[in-house]
There are 2 protein chains.
Amino acid sequence: MKIEEEIRQKPFKDVYTKAMVNLLYTHSYLVSRQSRLFKPYGLSPEQYNVLRILRGKHPDPTTVSSIQDRMLNKMSNASRLVEKLKQKGMVERKECAEDRRQVDITITDKGLETLSRLENEVKLFNKDSIQLSEEEANQLNGLLDKLRG
Amino acid sequence: MKIEEEIRQKPFKDVYTKAMVNLLYTHSYLVSRQSRLFKPYGLSPEQYNVLRILRGKHPDPTTVSSIQDRMLNKMSNASRLVEKLKQKGMVERKECAEDRRQVDITITDKGLETLSRLENEVKLFNKDSIQLSEEEANQLNGLLDKLRG
DNA sequence: CTGTAATAAATGTATATACATTAAATACAA
DNA sequence: TTGTATTTAATGTATATACATTTATTACAG
């Protein structure tokens, strides 16, 4: 459905304002769905993302600041997200030997199992949530990459 | 920059997962910028959006549920956002005569003035934040509308 | 070496999202 | 008309974002 109908608004005067609103609205649509997907696993979308970052380095650890760097939301708070995951037994934390300011985070077996149980479901979910052909999805990726300048 | 570089990740195996991550990342990029834009005016991005909804109906009032309906984030909480705007003197609240369950919200002169001071700046901001040609921005809007099914 | 700057992580606070529950008013079927 | 269901708004709680500040450690200029 066109964005103007979805939020019951009169047509936008300029295409950039419309694109901004459209991006915000589409994001909300996707994240609401994601929350429902992850809920049965006791994870939020951001916690899931942190687990994926950690799996990418496993069995090597990742420092908190390196997690922050790779997070989708740069303004988020890796320190607190890691704490939540630790409470769930999905990550381990230990002081970094070479630089005692840093903290090494490693994903646990439980974390890896949770990711693996989610893997297929997430893949289907992503395809199902994005009602585009592969070619259109590629186009979208190109436009988003360009958009950010 | 390509999304894989921005979050230092290996290439995505499927285009839908890449599009999902790209949308989440681009949203975060835009909202972080928006927060900085609105901050000097004492508004959050969502509060600004609610003010715009109210201006669309002004001088008629809008009920809380109608605001909720038009919000970009359907899971948000119009009731609490209205309360914040009321504390800033930008909206008025009064019981609806025909249906006493409902509450009529009206934007105040102060709210209208704030929007009007922001108008040009926001327009420039949107164009500046979305580094696309008009044609590309139209394409993006089409893809986002289609994506949501 | 010493002191200052820079860096890493944690923490504090305000706002917002996600979702469940409650309270009041209204609609509507029996 | 009465009782049940529905609707509207408010509220409670957990999580996350945005940003400032603090604390500990390391880097590095003098």
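Model, not experiment: these values are computed from the prediction. In what follows, every chain begins at residue 1, and chains take the letters A, B, ... in the order their sequences are listed.
- Spacing between atom CZ of B/Arg100 and atom P of C/dA23 amounts to 18 Å, rounded to whole angstrom units.
- Rounded to the nearest 0.5 Å, atoms CG (B/Asn22) and CG (A/Leu72) are 9.5 Å apart.
- Taken to the nearest 0.5 Å, the CG atom of A/Leu143 stands 8.0 Å off from the CG atom of A/Leu147.
- A/Arg55 and A/Glu119 are joined by a salt bridge, as a carboxylate oxygen and a charged side-chain nitrogen come within less than 4.0 angstrom of each other.
- Taking the nucleotide of DNA chain C with the nearest heavy atom to each of A/Lys39 and A/Val64, the more 5' of the two is matched to A/Val64.
- The distance between atom CG of B/Asp99 and atom P of C/dT26, rounded to the nearest whole Å, is 5 Å.
- Whole-Å rounding puts the B/His27 NE2 to D/dA18 C1' distance at 13 Å.
- Taking every heavy atom of residues 70-80 of chain B and every atom of DNA chain C, pairs under 4.0 Å involve B/Asn73, B/Met75, B/Ser76, B/Asn77, B/Arg80, by number.
- Spacing between atom NZ of B/Lys84 and atom P of D/dT11 amounts to 12 Å, rounded to whole angstrom units.
- Atom CD1 of B/Ile105 is separated from atom P of D/dT8 by 14 Å (rounded to the nearest Å).
- For the OP1/OP2 pair of C/dA8 and a distance below 4.0 Å, the side-chain nitrogens and oxygens of A/Arg93 include no atom meeting the criterion.
- A salt bridge (charged side-chain N to carboxylate O under 4.0 Å, His left out) with A/Glu4 is found for exactly one of A/Lys13, A/Lys10, A/Lys18, namely A/Lys18.
- Side-chain proximity of A/Glu46 to C/dC19, D/dT17, D/dT8: nearest is D/dT17.
- Rounded to whole Å, the distance from CD on B/Gln47 to C1' on D/dA18 is 13 Å.
- Between B/Leu43 and A/Arg36, the one whose closest nucleotide on DNA chain C sits nearer the 5' end is B/Leu43.
- Side-chain N/O atoms of A/Ser28 include none lying less than 4.0 angstrom from OP1 or OP2 on C/dT17.
- Checking D/dT25, C/dA9, D/dT17 against every side-chain atom of A/Arg101, the shortest atom distance belongs to D/dT25.
- C/dT11 atom C1' lies 14 Å from atom CD of A/Gln68, rounded to whole Å.
- Between A/Asp69 and A/Lys74 no salt bridge is recorded (no basic side-chain N to carboxylate O distance below 4.0 Å).
- Once rounded to the nearest 0.5 Å, the distance linking OH of A/Tyr48 with CG of A/Leu85 reads 13.0 Å.
- Under 3.5 Å, the side chains of B/Arg70 and B/Ser66 contain a donor-acceptor pair of N or O atoms.
- Contact annotation: A/Ser32 side-chain N/O to C/dA18 OP1/OP2 distance is under 4.0 Å.
- In this structure, the CD atom of A/Gln102 is 13 Å from the P atom of D/dT25, given to the nearest Å.
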